[in-house]
Amino acid sequence: MSIQYKIGATILAGILLLASGCANMPGRDPVEVYVAGIEPLPGEGLELRMVVKLRVQNPNDTAIEYDGIHVNLNLQGKRFASGVSDAAGRVPRFGEAVIEVPLSVSAFRMVRGAIDVFGPRRDGKIQYQLQGKLAGPLFNSVRFTSQGEMTLPEGLYQESK
């Protein structure tokens, strides 16, 4: 056997051992993510842009290191907005952090979203789902999902009859 083959086999074995070790680690509790605030940003053309402030709560006994974040916002079960940020930071163990992510909404999605929310046969309830990922080092990305329902004030929607 050549020396390059032995080195390659050793590296491959190390990677497989590391991957199996990560698979056997005790599971982490899921992080909780909430929208803490929204601020407008200048858009381009027919898009709406905003900065969404996400409060990330870590219920685990180890900190979460992240270097990048991706977020999708769905309304009424359909994609509404998405965004990415190269923000880096840390969510402390049993702690929380606020992370800002710019989101973009296309004109088509705004129109479709308005029809879904304010169109006929609507009860004024908006189903939302926030999905995303905090990118971490070497197999340590943390995915999150948050969902719920909001009710619009009366008079802003047409009740089903």
Side-chain angles (χ1 to χ4, degrees), residues 15 18-19 21-119 121-158:
I15 290 172
L18 178 64
C22 289
N24 293 327
M25 288 173 62
R28 294 175 72 103
D29 290 325
V31 297
E32 297 284 335
V33 179
Y34 304 96
V35 175
I38 300 174
E39 295 176 5
L41 284 175
E44 300 208 15
L46 296 175
E47 73 176 351
L48 171 68
R49 302 231 338 125
M50 63 191 116
V51 170
V52 176
K53 295 178 181 182
L54 301 175
R55 180 169 307 281
V56 180
Q57 296 178 336
N58 178 9
N60 297 288
D61 62 358
T62 57
I64 298 171
E65 304 286 338
Y66 66 91
D67 187 10
I69 182 169
H70 173 255
V71 175
N72 287 321
L73 174 63
N74 299 328
L75 295 181
Q76 306 298 82
K78 296 178 184 153
R79 174 76 45 87
F80 182 70
S82 61
V84 293
S85 172
D86 64 353
R90 183 175 198 256
V91 183
R93 63 185 287 279
F94 296 109
E96 58 184 36
V98 175
I99 303 170
E100 295 184 0
V101 182
L103 295 185
S104 298
V105 184
S106 72
F108 174 73
R109 286 182 180 164
M110 280 189 285
V111 170
R112 187 181 68 193
I115 290 169
D116 287 344
V117 171
F118 298 109
R121 298 185 306 276
R122 297 294 173 213
D123 58 5
K125 294 182 180 173
I126 300 173
Q127 311 283 323
Y128 69 88
Q129 182 181 44
L130 187 67
Q131 299 172 312
K133 174 178 76 169
L134 291 169
L138 191 61
F139 308 117
N140 284 325
S141 291
V142 175
R143 295 189 181 276
F144 59 86
T145 300
S146 178
Q147 58 189 17
E149 181 179 273
M150 297 183 302
T151 302
L152 294 172
E154 275 189 56
L156 288 180
Y157 60 92
Q158 299 174 356

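Heavy-atom basis, side chains included; hydrogens, waters and symmetry copies ignored.
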Are any of the side-chain heavy atoms of [X] and [Y] separated by less than 4.5 Å?
| X | Y | answer |
| --- | --- | --- |
| Val142 | Tyr66 | no |
| Val52 | Leu130 | no |
| Val71 | Val33 | no |
| Asn72 | Arg79 | yes |
| His70 | Ser141 | no |
| Arg28 | Asn58 | yes |
| Ile99 | Leu134 | yes |

Enter the distance from [X]:[atom1] to [Y]:[atom2] here, rounded to the nearest 0.5 Å.
| X | Y | atom1 | atom2 | result |
| --- | --- | --- | --- | --- |
| Tyr128 | Asn74 | OH | CG | 12.5 Å |
| Glu32 | Glu96 | CD | CD | 11.5 Å |
| Asn140 | Asp67 | CG | CG | 13.0 Å |
| Arg93 | Ile64 | CZ | CD1 | 12.5 Å |
| Lys133 | Thr145 | NZ | OG1 | 13.0 Å |
| Glu100 | Lys53 | CD | NZ | 5.0 Å |

**OP:** For Val35 and Leu54, run side-chain contact (heavy atoms from CB on, under 4.5 Å): C-alpha distance rounded to whole Å, both residues' side-chain angles, the deciding distance at 0.1 Å, then the answer.
**Re:** CA-CA 5 Å; Val35 175; Leu54 301 175; 4.2 Å; yes
Give the minimum heavy-atom separation between [X] and [Y], together with the two atoms involved.
| X | Y | answer |
| --- | --- | --- |
| Val56 | Val91 | O-CG1, 3.8 Å |
| Pro59 | Pro30 | CG-O, 3.4 Å |
| Val98 | Arg55 | CG2-NH1, 3.5 Å |
| Leu41 | Pro102 | CD1-CB, 3.9 Å |

Original post:
Taking atom types as modelled, is there a side-chain donor on Glu149 or Gln127 under 3.5 Å from an acceptor on the other?
Top reply: yes
Show me the donor-acceptor pairs, under 3.5 Å and distance only, between side chains in residues 42-51 and residues at least two apart or in other chains.
| from | atom 1 | to | atom 2 | distance (Å) |
| --- | --- | --- | --- | --- |
| Glu47 | OE2 | Glu44 | N | 3.3 |
| Arg49 | NH1 | Ser104 | OG | 2.6 |

Subject >> Within 6.0 angstrom of Asp86 CG, more than 12 heavy atoms from elsewhere >> reply: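 No - once you tally the heavy atoms of other residues, nucleotides and ligands closer than 6.0 Å, there are 12 at most.
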